[in-house]
Amino acid sequence: MKKMIIANLKMNLNNEEMKNYKQALESSGIDGLIICPSYVFLTYMKSDKFELCSQNGYAVDKGAFTGEISFYQLNSLGIKYSLIGHSERRHVFKETDEDMNMKMQSSLRNNITPILCVGETKEDRENNKTNEVLETQLNIALKDINLTNIIIAYEPVWAIGTGLIPTTDEINNTHLHIKKMLKESLNIDSKVLYGGSVNLSNIGDITALDNVDGVLIGGASNDPNNLIAMYNKM
Ligand code: PEP
């Protein structure tokens, strides 16, 4: 079975580009991809050829929160997955581990599978704090929640959008550490995806790793033909 591929389109494509994107994926003959478009395109992008994932969500179901979109609303559109705690949410919008915990609870309550993104900064890595930082992020975000159906995405902050990437041994070992920690302290077996500068040349080696259950792709997924080529390399 193919491993998971999630395409995070961030705030990149406009209306016309999204139409071409959808058409390219639907005519490619492949299925099983998970696409994260901007909120505004979620309804338009509904398809029986791929699943949709939200890039974020707000933890309260409804109310006076101008500009926010709740997991409750996303569920009503039939959205199956949501990213939670993407590095850009943490670093640009200053969301905290405690925010992630509330979002995890809300997404699960609304039957949306959360994809919790965790990862160390360059400074953490240089100070040999990668495992410690990941453990803190996971412990707080997963505290007191019903852990039946979650996915973790390991995304080193320094690898996102930079072209830099850990070695395959480092990726495999960090994923193993995350899996062991989830099993030992929370008794769950979760898929762990890798994200950060995945491209056409490295996707084969990364997805061949035993402890990598799939990939989260940013920039390299903006071109649907490149995404299809990456899928075919797995
Ligand atoms: C991301 O933003 O989740 C990501 C992995 O980006 P990129 O592939 O561009 O590094």
Side-chain angles (χ1 to χ4, degrees), residues 3-13 17-18 21 25 33-39 41-42 45 50-57 79 81-95 99-100 103-104 107 113-122 124-125 130 133-134 137-138 141 150-168 170-172 174-175 178 190-207 209 211-234:
K3 294 189 174 182
M4 285 180 98
I5 293 196
I6 306 188
N8 179 12
L9 302 180
K10 312 194 186 194
M11 200 181 68
N12 281 315
L13 305 186
E17 290 162 338
M18 268 335 296
Y21 201 95
L25 291 190
L33 291 169
I34 301 176
I35 311 297
C36 310
S38 293
Y39 286 133
F41 299 120
L42 279 170
M45 285 297 282
F50 49 84
E51 289 289 352
L52 292 176
C53 176
S54 171
Q55 296 178 12
N56 186 27
I79 305 304
Y81 299 93
S82 179
L83 301 183
I84 290 183
H86 186 275
S87 164
E88 286 141 26
R89 299 303 318 172
R90 293 175 186 266
H91 295 100
V92 182
F93 298 98
K94 309 293 175 210
E95 291 183 4
D99 293 326
M100 305 321 158
K103 286 170 188 257
M104 292 293 291
S107 92
T113 302
I115 300 165
L116 175 67
C117 305
V118 293
E120 81 286 359
T121 62
K122 182 166 176 278
D124 297 330
R125 176 177 157 91
T130 297
V133 166
L134 295 175
Q137 291 175 343
L138 289 166
I150 66 165
I151 296 171
I152 305 297
Y154 168 56
E155 299 205 291
V157 177
W158 54 273
I160 296 179
T162 58
L164 302 172
I165 192 156
T167 65
T168 47
E170 283 171 328
I171 296 173
N172 208 35
T174 304
H175 280 223
I178 292 172
S190 167
K191 282 194 163 76
V192 181
L193 315 180
Y194 171 78
S197 295
V198 177
N199 59 34
L200 195 53
S201 334
N202 60 28
I203 189 167
D205 289 341
I206 294 171
T207 53
L209 298 170
N211 294 309
V212 172
D213 299 304
V215 283
L216 175 48
I217 307 170
S221 66
N222 284 336
D223 174 348
N225 295 319
N226 198 47
L227 180 63
I228 292 162
M230 290 172 89
Y231 176 92
N232 289 327
K233 280 253 180 152
M234 281 203 307

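The residues of the chain are indexed from 1 along the displayed sequence. Just follow the structure's listing: the first ligand is 1, and inside any ligand the first atom is 1.
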What's the shortest distance from [atom] to any protein heavy atom, and which residue and atom give it?
atom	result
atom 1 (C) of ligand 1	His86 NE2, 3.2 Å
atom 2 (O) of ligand 1	Lys10 NZ, 2.5 Å
atom 8 (O) of ligand 1	Gly218 N, 2.8 Å
atom 5 (C) of ligand 1	Glu155 OE2, 3.0 Å

Please could you name the atoms of ligand 1 that [X] approaches to less than 4.0 Å, counting only its heavy atoms?
X	answer
Gly161	7 (P), 9 (O), 10 (O)
Ala159	10 (O)
Asn8	2 (O), 3 (O)

For [X] and [Y], indicate whether the former's side chain and the latter's backbone hold a donor-acceptor pair under 3.5 Å.
X	Y	result
Lys103	Ile84	no
Gln55	Ser82	no
Ser38	Phe41	no

| said: With a 4.5 Å cut-off on side-chain heavy atoms, are Thr168 and Val212 touching? | reply: no

| field | Check: Leu9 and Met18 side chains under 4.5 Å, non-hydrogen atoms | value | yes

| request: Inspect the contact between Arg90 and Glu155 and indicate whether a charged nitrogen and a carboxylate oxygen are less than 4.0 angstrom apart. | output: no

| said: Residue-level breakdown please: for Ile160 versus ligand 1, do any non-hydrogen atoms fall below 4.0 Å on the side chain, on the backbone, on both, or on neither? | reply: both

| query | Any N or O on Gly219 sitting closer than 3.5 Å to an N or O of ligand 1? | reply | yes

| Can you find an N/O atom of Leu216 closer than 3.5 Å to an N/O atom of ligand 1? | no

| Relative to the ring of His175, is the ring of Tyr154 parallel (under 30°), tilted (30 to 60°) or perpendicular (over 60°)? | perpendicular

| said: Within this structure, what is the CG-CG distance for the pair Leu227 and Leu200, rounded to the nearest 0.5 Å? | reply: 10.5 Å

| Can you tell me if Ser221 has a non-hydrogen atom under 4.0 Å from ligand 1? | no

| message | Below 4.0 Å from ligand 1: does a non-hydrogen atom of Gly196 turn up there or not? | response | yes

